[in-house]
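Here, residue 1 is the first one in the sequence, and each next residue gets the next number.
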Amino acid sequence: MLSYKKTDNKKNKRPYKMKYEVGSGNVFLDIGFNPAEANEKFLKCQLMIEIEKIIKNKGWTQEQAAKKLGVVQPRISEIRTTRMERFTIDMLIKYLNKLGKGVHVTIADLQKSA
């Protein structure tokens, strides 16, 4: 969490002192989702970002991308706007496969709260 405190010290070139907390690496966990839901949302976002990167790098329009994936154009718009509730993880992996990409998963222990 960032917070700012104004200082009156004119010698200080930065008028605000910044306090921060180090995040977990998963914004959904940091904002309060339970670990299972946070991990699912984070994974979906990662997959959607990769799909969007591929579409952008190929210079495709949404219509061209939709044709390649065998979906209607509004589905591509939903990917671009990260409407993750509209997709399952397996669906996103299938889209990546159609785009010539494989997906590898790493299994790790969840951090235990103290």
Leu99-Ile49 co-clustered via ILVMFWY side chain contacts under 4.5 Å: no
Same apolar cluster: Leu92 and Val103, side chain cutoff 4.5 Å: yes
Gap separating the CZ atom of Phe33 from the NZ atom of Lys41, nearest 0.5 angstrom: 4.5 Å
Leu47 side, atom CG; Leu96 side, atom CG - distance, nearest 0.5 Å: 6.0 Å
Between CD1 on residue Ile89 and CD on residue Gln46, distance to nearest 0.5 Å: 10.0 Å
Approximate separation, where rounding is to 0.5 Å, of Ile54 CD1 and Lys58 NZ: 7.5 Å
Path from Val105 to Phe42 over hydrophobic side-chain contacts below 4.5 Å: no
Residues in salt bridge (Lys or Arg N to Asp or Glu O under 4.0 Å) contact with Glu78, at least two apart in sequence or another chain: Arg75, Arg86
Side-chain donor/acceptor of Gln64 to backbone N/O of Thr61, under 3.5 Å: yes
Beyond-backbone contact of Tyr95 with Ile79, side-chain heavy atoms, under 4.5 angstrom: yes
Asn39 side chain to Leu43 backbone, donor-acceptor under 3.5 Å: no
Over all atoms of both residues, closest heavy-atom pair of Phe28 and Cys45: CZ-SG, 3.7 Å
Candidate pair Lys68 and Lys98, rule side-chain contact (heavy atoms from CB on, under 4.5 Å), full reasoning: CA-CA 8 Å; Lys68 178 70 175 173; Lys98 287 182 179 183; 5.8 Å; no
Pairwise distance CD(Glu50) to CD1(Ile55) - rounded to 0.5 angstrom: 11.5 Å
Charged tip of Lys44 within 45° of Phe87 ring normal and under 6.0 Å: no
Transitive ILVMFWY side-chain link Ile93 to Met91, under 4.5 Å: yes
Atom of Met48, atom of Arg83 and distance for their closest heavy-atom approach: CE-N, 3.7 Å
Side-chain H-bond candidate by donor/acceptor type, Ser24 with Asn26, under 3.5 Å: no
By salt bridge (Lys or Arg N to Asp or Glu O under 4.0 Å) - contacts of Glu63 (at least two apart): none
Ile51 CD1 to Thr82 OG1 distance, which is reported to the nearest 0.5 Å: 10.5 Å
